[in-house]
Enquirer: 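Attaching a single structure in structure tokens format; questions to follow.
In each ligand, atom 1 is the first atom listed, and ligand 1 is the first ligand listed.
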Amino acid sequence: MRTSVGIIGAGPAGLLLSHLLRQAGIENVVLENRTRDYVEHRQRAGVLEQNTVDALRSSGAGERMDRLGLRHDGIELRFAREGHRVDFPSHTGGRSVMVYAQTEVVKDLIALSERQGGTIRFEAEALAIEKADTGSPLIRYRHEGAEHTLECDIVAACDGFHGIGRQSMPPSLLRTWSHEYPFAWLGILADVPPSCDELIYANHERGFALHSMRSPQVSRLYLQVAPDEDLNAWPDERIWAELDARFELPGWSLEHGPITEKGITPMRSFVAEPLRYGRLFLAGDAAHIVPPTGAKGLNLAAADATLLAAAIIQAHDKGDESLLDAYSETALRRVWRAEHFSYFMTTMLHRDPHADEFAHRLQLSNLRYIASSEAAAASLAENYVGLPVV
Ligand code: APR
Ligand code: PHB
């Protein structure tokens, strides 16, 4: 089989790239080793920054998001038993975010591909990327028990942190940076209306907690736990009691309800450079990971896909490869900004079990600074809603 762009991975990066290329009339094939049902139902992040909303909307993939997504104009920082709101539009020239689950974005893009005659091959595992340093790279993959070859002009590895894309780059070319955090998140979905209109990020002496949501009927909540935490040690009553304690605020209470899903999310920062080797390009989690506190993982994946699509379209339509040549550097500049912001939010809001009281006092001082200074609030707001893609 032959196509113009071979895309590995049907996460947000691969699906958005495929969609944008298809809109521009560029043939592409997506290979995804999981089933459609699996990728449509795994629970992931839920905040779309303004750029991601704009990219989905302007490419015709925003209809359901605009109907079901919840526009949020701010967040609450809760600490020392006080709540402080950070407003977005007033600090960012009118920008905001959309609370809409990543899994819904994935469903929308798969449905569009199906309607428009795109090709997504599920249960197709990419085994190797070959000849990336030539003008005709290829992907070897396994589908329905047989091995196949997909020949293309460009390979886009959108295959997540454990994919083969990054591992197919020559080790002498690749540089990586990483940082581990001494905690993880225990996340739940609960069939109960959110107890707030906007997300609450809480710094509490018992640890970080986050109140997010999926819809007016469904709450999404997270608790900081140990990296090796055993989910079995967290029956529902313990989770609600811990959430109550960490969100404690006079005159406010958390509504409880049936928990429909529980999981543990590890926390890690990681960047690989460069994002290109010959005709092989990396996008999304394949190239970088952020801890979820800044809500940047999905948005970085979408920004990479947007940039890479524009570069491929220019090369395809005009024979001009300047954007392709600039892709790695342009994308990485944004990636490092998001890495810093995610690290900043994570270290400001979590209780590091190894840190001393001095570190805690610095966290509180920083939170008070954001709560009282327009300049500090503006800095958080512009990073949270997302800086311009280029
Ligand atoms: N062959 C085919 N598909 C593969 C292979 C392979 N060898 N290896 C991995 N995949 C698939 C995975 O099954 C997954 O569906 O690649 C996809 C990668 O998707 P994501 O992990 O969602 O990564 P990405 O699209 O970059 O989106 C990043 O997802 O992990 C979250 O927080 C992260 O929100 C961020 C977003
Ligand atoms: C979520 O809703 O899943 C979510 C929201 C904000 C974050 C991380 C996750 O920072």
Side-chain angles (χ1 to χ4, degrees), residues 6-18 29-36 38-49 52 70 72 75 97-106 109-110 120-129 139-143 150 155-168 185 187-189 194 198-201 208-215 218-222 261 263 265-268 270 282-305 308 338 341-342 345-346 349 384:
I7 299 173
I8 310 175
L15 291 170
L16 182 58
L17 176 62
S18 168
V29 171
V30 180
L31 303 175
E32 165 59 54
N33 78 23
R34 303 289 194 152
T35 63
R36 175 171 178 172
Y38 181 89
V39 302
E40 288 190 340
H41 291 98
R42 64 185 154 192
Q43 279 305 321
R44 293 277 186 83
V47 177
L48 310 187
E49 64 180 39
T52 307
L70 309 167
H72 280 206
I75 55 168
V97 299
M98 184 81 89
V99 171
Y100 187 61
Q102 173 171 326
T103 158
E104 300 303 322
V105 175
V106 163
L109 290 170
I110 292 173
I120 305 174
R121 197 148 285 185
F122 291 100
E123 296 177 81
E125 185 192 3
L127 304 169
I129 300 164
I139 306 170
R140 289 197 190 285
Y141 67 99
R142 190 184 303 120
H143 184 54
L150 178 62
V155 174
C158 305
D159 51 354
F161 184 67
H162 301 287
I164 62 163
R166 194 176 66 252
Q167 287 151 27
S168 303
W185 280 11
I188 62 160
L189 272 178
E198 293 176 339
L199 273 56
I200 305 171
Y201 289 81
F208 170 76
L210 170 61
H211 190 330
S212 181
M213 60 195 73
R214 287 291 173 267
S215 73
V218 177
S219 298
R220 176 82 168 143
L221 295 131
Y222 297 99
E261 180 147 343
T265 313
M267 309 273 276
R268 175 193 295 129
F270 175 86
L282 306 182
D285 276 14
H288 39 76
I289 299 285
V290 286
T293 326
K296 288 293 161 219
L298 162 63
N299 295 296
L300 280 181
D304 284 358
L308 186 54
F341 179 65
S342 306
M345 289 288 278
T346 301
L349 289 162
Y384 198 95

Enquirer: For Pro292, is the nearest heavy atom under 4.0 Å from an atom of ligand 1?
Expert: no
Enquirer: With nothing but distance in play, are any N or O atoms of Trp185 less than 3.5 Å from an N or O of ligand 2?
Expert: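 No; the residue has no nitrogen or oxygen that sits under 3.5 Å from a nitrogen or oxygen of the ligand.
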Enquirer: Taking atom 21 (O) of ligand 1 as the point of reference, which of His162, Arg121, Arg44, Arg34 owns the nearest heavy atom?
Expert: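 Residue with the shortest heavy-atom distance to the ligand atom: Arg44.
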Enquirer: State whether Glu49 and Lys296 are salt-bridged, where the test is any N-O pair (Lys NZ or Arg NE/NH1/NH2 against Asp/Glu carboxylate O) under 4.0 Å.
Expert: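 Judged by the 4.0 Å cut-off on N to carboxylate O distance, Glu49 and Lys296 do form a salt bridge.
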Enquirer: Is it the case that Tyr141 and Arg121 place a side-chain donor and acceptor less than 3.5 Å from each other?
Expert: yes
Enquirer: Could you verify whether a donor N or O on one side chain and an acceptor N or O on the other, from His288 and Asp304, lie under 3.5 Å apart?
Expert: yes
Enquirer: Provide, to 0.1 Å, the distance between atom 2 (O) of ligand 2 and the closest protein heavy atom, together with that atom's residue and name.
Expert: Ser212 OG, 2.6 Å
Enquirer: Counting only heavy atoms, which portion of Asp159 has something under 4.0 Å from ligand 1: side chain, backbone, both, or neither?
Expert: both
Enquirer: For Arg214, state whether at least one heavy atom is located under 4.0 Å from any atom of ligand 2.
Expert: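 The answer is yes: ligand 2 sits under 4.0 Å from a heavy atom of Arg214.
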Enquirer: So, Arg220 versus Tyr222: side-chain donor-acceptor pair below 3.5 Å or not?
Expert: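 A donor-acceptor contact under 3.5 Å links the two side chains.
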Enquirer: Kindly confirm or rule out an N or O of Ala126 lying under 3.5 angstrom from an N or O of ligand 1.
Expert: yes
Enquirer: Below 3.5 angstrom, do we get any N/O pair linking Val39 and ligand 1?
Expert: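 No; the residue has no nitrogen or oxygen that sits under 3.5 Å from a nitrogen or oxygen of the ligand.
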Enquirer: Any idea which part of Ile8 is under 4.0 Å from ligand 1, heavy-atom wise: side chain, backbone, both or neither?
Expert: side chain
Enquirer: Could you say whether the N/O atoms of Asn33 and ligand 1 ever approach to under 3.5 Å?
Expert: yes
Enquirer: Considering only heavy atoms, does Arg42 approach ligand 1 within less than 4.0 Å through its side chain, its backbone, both, or neither?
Expert: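 Under 4.0 Å from ligand 1, Arg42 contributes side-chain atoms alone.
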Enquirer: Tyr384 versus ligand 2: do any nitrogen or oxygen atoms come within less than 3.5 Å of each other?
Expert: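 Between Tyr384 and ligand 2 (N or O atoms, distance only) the closest approach is not under 3.5 Å.
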Enquirer: Could you tell me the residue and atom name of the protein heavy atom closest to atom 3 (O) of ligand 2, and the distance to it rounded to 0.1 Å?
Expert: Tyr222 OH, 2.6 Å
Enquirer: Would you name the heavy atoms of Val290 and Ala338 that are closest together and state the gap between them?
Expert: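 Taking Val290 first and Ala338 second, the nearest heavy atoms are CG1-O, 4.1 Å.
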Enquirer: Please check whether Gly163 reaches ligand 1 - meaning an N/O of the residue sits under 3.5 Å from an N/O of the ligand, judged on distance alone.
Expert: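 Such a contact does not occur with ligand 1.
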Enquirer: Indicate, as side chain, backbone, both or neither, the part of Val99 found under 4.0 angstrom from ligand 2 when only non-hydrogen atoms are considered.
Expert: neither
Enquirer: For ligand 2, which atoms have a heavy atom of Tyr201 less than 4.0 angstrom away?
Expert: 6 (C), 7 (C), 10 (O)
Enquirer: So for ligand 2, is Pro292 a polar contact partner (N or O within less than 3.5 Å, distance only)?
Expert: yes
Enquirer: Can Arg268 be said to sit on top of Phe161's aromatic six-ring, NZ or CZ under 6.0 Å from centre and within 45° of the ring axis?
Expert: yes
Enquirer: Does any N/O atom on Pro12 come nearer than 3.5 Å to any N/O atom on ligand 1?
Expert: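 Yes, since at least one N or O of Pro12 sits under 3.5 Å from an N or O of ligand 1.
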